Amino acid sequence: MSTQMLMRPKRPNVPFVDLGAQYRAIATEINDAISKVIQEADFILGHEVQLFEEEFASFCDARYAVGVDSGTSALELALRAFDIGPGDEVITAANSFIASALGISHAGAKPVFVDVDPYTYTLDVAAVERAITPRTKAILPVHLYGHPAHMHPIRQLADKHELVVIEDACQAHGARYKGKRVGSLGHAAAFSFYPGKNLGAYGDGGMVVSNDRDVANRLEMLRNYGQKGKYQHLFRGYNRRLDTLQAAILRVKLKYLEKWNAARRWNAKLYQKHLEGSEVVMPGEAGGAEAVWHLYVIRTEQRDQLKEHLIAKGINASIHYPVPIHLQPAYQDLGHKRGDFPVTEAYADRILSLPMYAELTGRQIEFVAQTICEFQSAHRNGEITSEIPMRRVSPSL
Ligand SMILES: *Cc1c(COP(=O)(O)O)cnc(C)c1O
């Protein structure tokens, strides 16, 4: 072996995501799209932004889409567009990425966390109902890992209490709930185009989708200095626009999203097949749900040892998320303690995200599953026990 080969950094056998592989498959189209924007010097709210907004709205079966600079901004600005702010409470899941809560906080409102349903990892609707107070203004369900939340009962609850529903669809581009796309199931929805998401930019980006014209108009001003016409500022808006270069890249990628999501669904089936008979709890789809598998999250009692073992074998497994939001220092002031959300907390110690992306090969998936099964037969130290009843049969949404 030459020294050069020895010095080369070791590539994992199975990376967690492989954005390079995705780029190589569409490189010419992407490069042309970038080059076109630069040649036309059409950088700020350029034509590509408008076209991408139209195409993405249509992809979500929604009327309007407004491009912003991140998913976190999309959440914040969507809430602001509904005049939700100081003094208001917004109910969301304790087991999301922290940005779900940050969007609420940055709008000036208070996030009120509730626990999740143990099968789908999405909002427990009964817990949402118990958390409603006279200050509650909105519910913010998260379609976590690409699985849609229980939107019908959530909408019913919201209608009864006159609450706004903002979907956090940042992990769920293209997922379906009873045949309908996420993004069109609430009053507005927030998407992220962070590079690793199912539809990812080459930098930051986000989108708010809505069927409400007034809300879309307000968002267009909010992201652009509160500007209606040129130099006419109706309120103190922000600079939170979707970059035109990113929009051009995302337009190319949107054409492939269905194909990539189908590949993720196929990969999830392969994991399911090869992990059958193992002791890990596999994720499932509730009846009426079509998940897009942003993450493939299993559960096991020996999570930390299994993760270490996988990484030693060159399989980059990861944890989403190791510390629930209510136990993060950032939300210390809300006064939560361990024990407040038992499902979320129990899962935080057991969940493990396996590599998941469209370009993953059948052989890689088999290798991951085989490595897990080998680990388990070597460490068979008893039953998987849990204080939470694990429903293995898919419930209906
Ligand atoms: C990624 C993500 C966000 C935030 O998106 P950014 O573009 O990173 O700001 C919000 N909510 C969830 C559930 C996410 O996964």
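Being a predicted model, the structure only gives us computed values, none of them experimental. Read the numbers this way: they start at 1 and go in the same order the structure lists the ligands and their atoms.
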### Message
Which option wins on minimum heavy-atom distance to atom 5 (O) of ligand 1: Ser192, Ser73, Ala101?
### Response
Ser192
### Task
Have a look at Gly71, Ala201, Ala99, Ser100 and point out the one with the heavy atom closest to atom 3 (C) of ligand 1.
Ala99
### Gln171 N/O under 3.5 Å from ligand 1 N/O
yes
#### Entry: Residue, atom name and distance, where the atom is the protein heavy atom closest to atom 9 (O) of ligand 1
Thr72 OG1, 2.5 Å
Contacting atoms of ligand 1, where contact means under 4.0 angstrom from a heavy atom of [X]:
{"X": "Val142", "result": "13 (C)"}
{"X": "Phe97", "result": "2 (C), 3 (C), 14 (C)"}
{"X": "Cys170", "result": "2 (C), 3 (C), 10 (C), 11 (N), 12 (C), 14 (C)"}
{"X": "Ser70", "result": "7 (O), 9 (O)"}

### Query
Taking the inter-plane angle between the rings of Phe56 and Phe193 on a 0 to 90° scale, is it parallel (under 30°), tilted (30 to 60°) or perpendicular (over 60°)?
perpendicular
### Message
Does the plane of the ring in Tyr321 sit parallel, tilted or perpendicular to the ring in Phe97? Use 30° and 60° as the thresholds.
### Response
tilted
Could you see which bit of [X] sits under 4.0 Å from ligand 1, with heavy atoms only: side chain, backbone, both or neither?
{"X": "Asp168", "answer": "side chain"}
{"X": "Lys197", "answer": "side chain"}
{"X": "Leu144", "answer": "neither"}
{"X": "Ser96", "answer": "side chain"}

### Message
Between Tyr177 and His152 (judged by ring centroids, cut-off 6.0 Å), do the two rings come close enough to count as a pair?
### Response
yes
### Query
Is the gap between the ring centers of His173 and Phe191 under 6.0 Å?
yes
### Message
Pairing donors with acceptors under 3.5 angstrom, does anything connect the side chains of Glu374 and His309?
### Response
no
### Task
With the side chain counted from C-beta on, respond yes when Arg213 and Arg63 share a heavy-atom pair under 4.5 Å apart, and no when they do not.
no
## Note on the structure
Taken to the nearest 0.5 Å, the spacing of Ile315 CD1 from Lys307 NZ works out to 13.0 Å
### Summary
Separation between OG1 (Thr244) and CG (Leu45), nearest 0.5 Å, reads 6.5 Å
